[in-house]
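Small disclaimer: the values here were computed from a predicted structure and weren't measured. Worth knowing before you read on, the calculation uses all heavy atoms, side chains too, and leaves out hydrogens, waters and symmetry mates. All chains are named by letter (A, B, ...) in the order of the sequence lines, taking the proteins before the strands, and each is independently numbered beginning at 1.
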Amino acid sequence: MSRIAITNGRLADPAGTAIAEGAILIEGDTIVAAGAIAIPADAQQIDAAGLVVAPGLIDLGVFKTDKPAFHFGGITRAALMPDQSAPLDDPGLIREATRGGKPDFWVHPIAAATRGLEGREMAEIGMMQVAGAKAVSTGRQWIADSGVMMRVLSYAAGLGLTVIAHAEDGGIAGKAVATTGETATRLGLSAAPACAEAMAIARDLALVRHTGAAIHFRLVSTKAGFDLIRAAKAEELKVSCGISPAYLFLSDLAVTDFRTFARLSPPLRSEDDRQACLQAVADGTVDVITSSHDPRGPEDKRLPFADASPGMAGAETLLALSLNLVRNGHVSMNRLMALLCANPARILGVSAGTFAAQSAADIIFIDPDAPWQVDSAKMAAAAGNTPFDRLPVQGRVRRIMKGGQFL
Amino acid sequence: MPETHSAPSPTGLSGRENFPHRDLLAISALKPWEIRFLLDEAEHWVAVNRAASRKHDDRLAGLTQINAFFENSTRTLLSFEIAGKRLGADVVNMHAATSSVKKGETLIDTAVTLNAMRADVIVIRHGSSGAVRLIADKVDCPVLNAGDGWHEHPTQALLDALTIRRRKGGFEGLIVVICGDVLHSRVARSNMLCLAALGAQVRAIAPPTLMPECVEAMGATRFTDFNAGLEGADVVMMLRLQNERMDGAFIPSPREYHMLYGLTPERLARAKPDALVMHPGPMNRGVEITSGIADHPERSAITEQVEMGVAVRMACMDVLTRSARKVEGWA
């Protein structure tokens with residue numbers, strides 16, 4: 001089999017403590033070794049020219065298979081949420097979804113927990129697992145019936161699958177489009193208190209405690225939510241959580257002129273909660289940073305705020321914005337790669353996102369300082385709905401390798 | 001509670017000491033030697049039922065047996081009716097559909113009414129756990145539990161044990177797997193208790209949503225993975241899954257249940273080569289069990305179970321009425 005050695009790179013190993021000069025040896029589509037290794041004479045050498053070499057990003061929770069956007073953002077795998085036009089509650093649809101990007105991009109579909117994502121009857125999770133689903137999700141909503149959620153958790157646990165939960169009490173959140181606070185009051189927007197998140201997390205943690213199941217809260221955005229998760233982890237419950245850059249770098253002030261690109265679910269929070277999010281990333285409570293990529297065209301966004309669909313096209317800015325966390329000293333580059341690559345892979349149960357032997361040879365070369373400007377009009381994504389429009393950022397992916405092949 | 005494992009009977013039991021109970025309500029009330037006594041008695045009736053010229057045994061002649069079934073059943077009702085008639089009893093069937101229960105009569109009033117009619121033995125099936133006990137407390141004659149809610153179905157466990165004993169010779173060290181909706185199953189509960197009392201190793205296998213908490217306290221080891229639980233099994237007992245459990249409440253669909261928990265030839269191959277296949281019936285062919293296995297001439301004991309059922313019920317009715325019939329040693 002052909003062997004490739006990536007040399008002259010600054011390796012950002014998710015399992016490491018510092019960026020280290022070294023090489024990566026690849027055979028076929030998997031990594032053989034990484035670090036200060038001897039390079040065999042017959043290996044084809046690729047010079048990384050001093051760029052940061054990291055595993056390809058694994059995006060845990062996107063709403064569309066949008067290859068150009070993922071390609072730009074250095075995302076080599078994504079877990080597709082079941083909220084599609086036909087909800088992914090059927091093994092055939094799951095199997096179809098796995099084909100979405102191959103060979104240069106892999107989609108790991110997430111099975112709907114309930115039929116039609118209606119929160120009532122359990123969907124055929126076992127058959128969907130056989131068809132390629134790597135996790136189960138409640139979708140864009142939480143499951144209101146606690147009995148149903150309990151049985152979903154225990155059934156999924158029996159199959160070794162993690163349940164990816166939406167952390168918002170539906171009764172409290174209702175049809176609210178903003179977080180209770182000064183901005184919502186001034187703008188006259190229907191709002192729900194931030195505690196809707198903690199309520200959902202508290203309930204689901206109690207169910208996890210009872211069933212011994214594994215849960216991943218896809219987007220956590222409040223201090224109260226993170227406090228509960230921190231305590232649950234101390235109790236060694238099988239809990240993990242994620243966040244997207246929007247909640248780290250924007251507060252509900254971003255909604256001020258009714259910008260629908262800032263209409264998100266869950267809604268943007270107060271500045272205090274935003275600071276708590278940064279703290280949660282720094283102290284290790286957050287396990288995953290996701291783009292939550294949800295491209296929405298004008299028909300979904302050129303509407304009054306409350307009528308617009310929530311969501312942002314985040315794939316292209318995931319890396320650049322996340323690098324701010326390194327620049328500002330919240331996390332090391334290695335830890336960032338754990339958040340963007342290794343932890344998502346672990347939750348999905350895929351052998352990727354690391355530099356370990358046998359891990360998939362999905363690798364990106366990053367120029368972390370390369371400057372560019374976010375421009376809604378010029379995005380590779382299917383739509384340009386980003387609240388970071390016009391923002392100058394730093395960090396570009398220069399090369400992508402998928403399964404041992406450069407794209 | 002039954003003594004752990006196969007405690008031997010105290011020496012020198014005679015007459016009523018072999019079975020000192022007025023009723024048969026639950027396996028949990030029986031000692032292991034009392035269970036074995038009933039199995040031994042049933043062996044006699046197996047032979048009688050198979051005899052070419054089956055004499056009508058009249059030991060229960062003149063006795064009134066009321067089958068009070070508050071929950072639908074065909075096979076169990078039939079089995080008890082045949083058992084009573086073969087012993088010469090006057091068997092009367094009371095069905096919930098045509099009973100005064102429908103007119104709103106309470107269970108206690110029904111019990112008192114049956115008692116006033118001076119039945120000699122009452123067989124009861126009811127949809128609520130504990131309801132048979134409620135009635136038994138109000139009547140003066142022996143009561144047999146033909147199934148109460150999710151709680152117990154003692155004669156089923158006895159006929160299953162008899163089937164296993166006749167095929168396998170004994171219970172010590174036998175690995176018995178019970179797979180299906182254990183949570184809602186009185187057959188599972190009675191069998192777990194009975195088999196553990198007799199010395200078998202019981203494994204309970206079900207999806208997490210159909211497995212009761214603390215099933216280990218009933219004497220079973222819990223498994224979620226059917227394949228793993230089948231390794232080396234001597235007996236595989238499949239339970240029927242009710243339709244209302246399969247529509248997404250506890251499991252998503254019959255086909256997914258079959259994929260994960262259906263007994264197929266590939267799965268059966270993980271058990272011992274001479275493992276027995278059992279099912280209390282009625283079967284959902286293609287869901288919990290494939291037809292080929294259900295109808296297997298050597299491996300399937302399903303029809304034998306039915307045959308043992310009549311013999312076991314004859315034995316129970318005989319033993320429970322010995323006191324009233326003033327049989328020597330039983331008064």
For atom [atom1] of [X], is the number of surrounding heavy atoms from other residues, nucleotides or ligands below 6.0 Å larger than 12?
X        : atom1 : answer
A/Arg120 : CZ    : no
B/Glu216 : CD    : yes
A/Gln141 : CD    : no
A/Arg140 : CZ    : yes

Against chain B, label A/Arg115 side chain, backbone, both or neither, depending on which of its atoms sit under 4.5 Å from a heavy atom there.
side chain
Counting only heavy atoms closer than 4.5 Å, note whether A/Leu153 contacts chain B via side chain, backbone, both or neither.
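Nothing of A/Leu153, per the 4.5 Å heavy-atom cut-off to chain B.
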Region of B/Tyr257 in contact with chain A, defined by heavy-atom distances below 4.5 Å
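For B/Tyr257, there is no contact with chain A at all, as no heavy atom is under 4.5 Å.
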Please classify the contact of B/Leu210 with chain A as side chain, backbone, both or neither, using a heavy-atom distance under 4.5 Å.
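The answer is neither part of B/Leu210.
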By residue number, those in residues 121-131 of chain A with heavy atoms under 4.5 Å from heavy atoms of chain B are A/Glu121, A/Met122, A/Ala123, A/Glu124, A/Ile125, A/Gly126, A/Met127, A/Val130
Kindly determine whether B/Thr224 and A/Leu159 satisfy side-chain contact (heavy atoms from CB on, under 4.5 Å), including the steps that lead there.
CA-CA 9 Å; B/Thr224 301; A/Leu159 295 167; over 6 Å; no
Can you name the nearest heavy-atom pair linking B/Phe250 to A/Tyr155, along with the distance?
O-CD1, 4.0 Å
At their closest point, which heavy atom of B/Pro208 faces which heavy atom of A/Gly158, and how far apart are they?
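Closest approach of B/Pro208 to A/Gly158, heavy atoms only: CG-CA, 3.7 Å.
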Give me the contact list for residues 282-305 of chain B versus chain A, heavy atoms only, anything under 4.5 Å, ordered by residue number.
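So no residue qualifies.
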